[in-house]
Amino acid sequence: MAKITFITNDNETIVLEAASGSVMELAVEHNVKGIDGDCGGVCSCATCHVHVRPEDMEKTGSASEIETDMLELDDNADAYSRLSCQLEVSAILDGVVLKVAK
Ligand code: FES
């Protein structure tokens, strides 16, 4: 089980818990504003873009090559960017804080 915190662009803090699935699926299921998951999680839309809190990068790891290619098309991407469909929920992610990208 992992508790994951989302901070939306309205500065709303949403704490969700899950045991499996992707972080994008969790966010979409709970209508987290700004995470749409348009491509269904196949790393081809970037509508699930989040910024990982710097101290949580160790838990999430960094983006894969295909993910980085997708993020490069997004002007808001930075060193802490991840596509949340590529983040698998597991106990490792417990306590992670994600800011929804603009
Ligand atoms: Fe499309 Fe993540 S849902 S890239």
Side-chain angles (χ1 to χ4, degrees):
M1 206 67 168
K3 201 180 269 187
I4 297 171
T5 301
F6 296 89
I7 301 170
T8 69
N9 285 299
D10 300 336
N11 266 328
E12 195 186 348
T13 299
I14 302 161
V15 183
L16 298 173
E17 270 187 301
S20 61
S22 76
V23 172
M24 175 278 281
E25 286 165 344
L26 177 69
V28 169
E29 227 167 79
H30 292 86
N31 299 313
V32 174
K33 212 173 157 190
I35 299 189
D36 299 327
D38 285 348
C39 75
V42 296
C43 205
S44 63
C45 72
T47 63
C48 64
H49 180 187
V50 293
H51 301 281
V52 178
R53 187 172 57 168
E55 57 265 48
D56 291 330
M57 282 303 281
E58 207 172 296
K59 292 180 177 178
T60 62
S62 44
S64 68
E65 209 177 308
I66 179 169
E67 196 181 332
T68 305
D69 287 348
M70 198 65 228
L71 283 165
E72 274 171 3
L73 303 174
D74 190 327
D75 290 342
N76 294 315
D78 62 22
Y80 305 107
S81 289
R82 290 297 311 267
L83 294 176
S84 59
C85 66
Q86 303 302 302
L87 292 171
E88 270 308 305
V89 174
S90 75
I92 298 168
L93 291 190
D94 190 46
V96 158
V97 178
L98 305 170
K99 172 109 179 56
V100 177
K102 287 208 169 87

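Whatever order the structure lists them in is the order used to number ligands and atoms, beginning at 1.
Note that the CD atom of E67 and the OG atom of S62 stand 8.5 Å from one another [nearest 0.5 Å].
Here side chain to side chain donor-acceptor pair (under 3.5 Å) pairs that include residues 10-27, with residues two or more places apart or in two chains, are D10-K33.
Protein N/O/S atoms closer than 2.8 Å to atom 2 (Fe) of ligand 1, listed by chain and residue number, are C48 SG, C85 SG.
Applying the side chain to side chain donor-acceptor pair (under 3.5 Å) rule to N9 yields the partners K99; only residues at least two apart in sequence or on another chain are considered.
As a member of the Ile/Leu/Val/Met/Phe/Trp/Tyr network built from side-chain separations under 4.5 Å, I14 groups with I4, F6, L16, V23, M24, L26, V28, V32, I35, V50, V52, M57, Y80, L87, V89, L93, V96, L98, V100.
A donor-acceptor contact closer than 3.5 angstrom links the side chains of S81 and H49. H51 and D78 share a donor-acceptor pair across their side chains, judged by distance under 3.5 Å alone.
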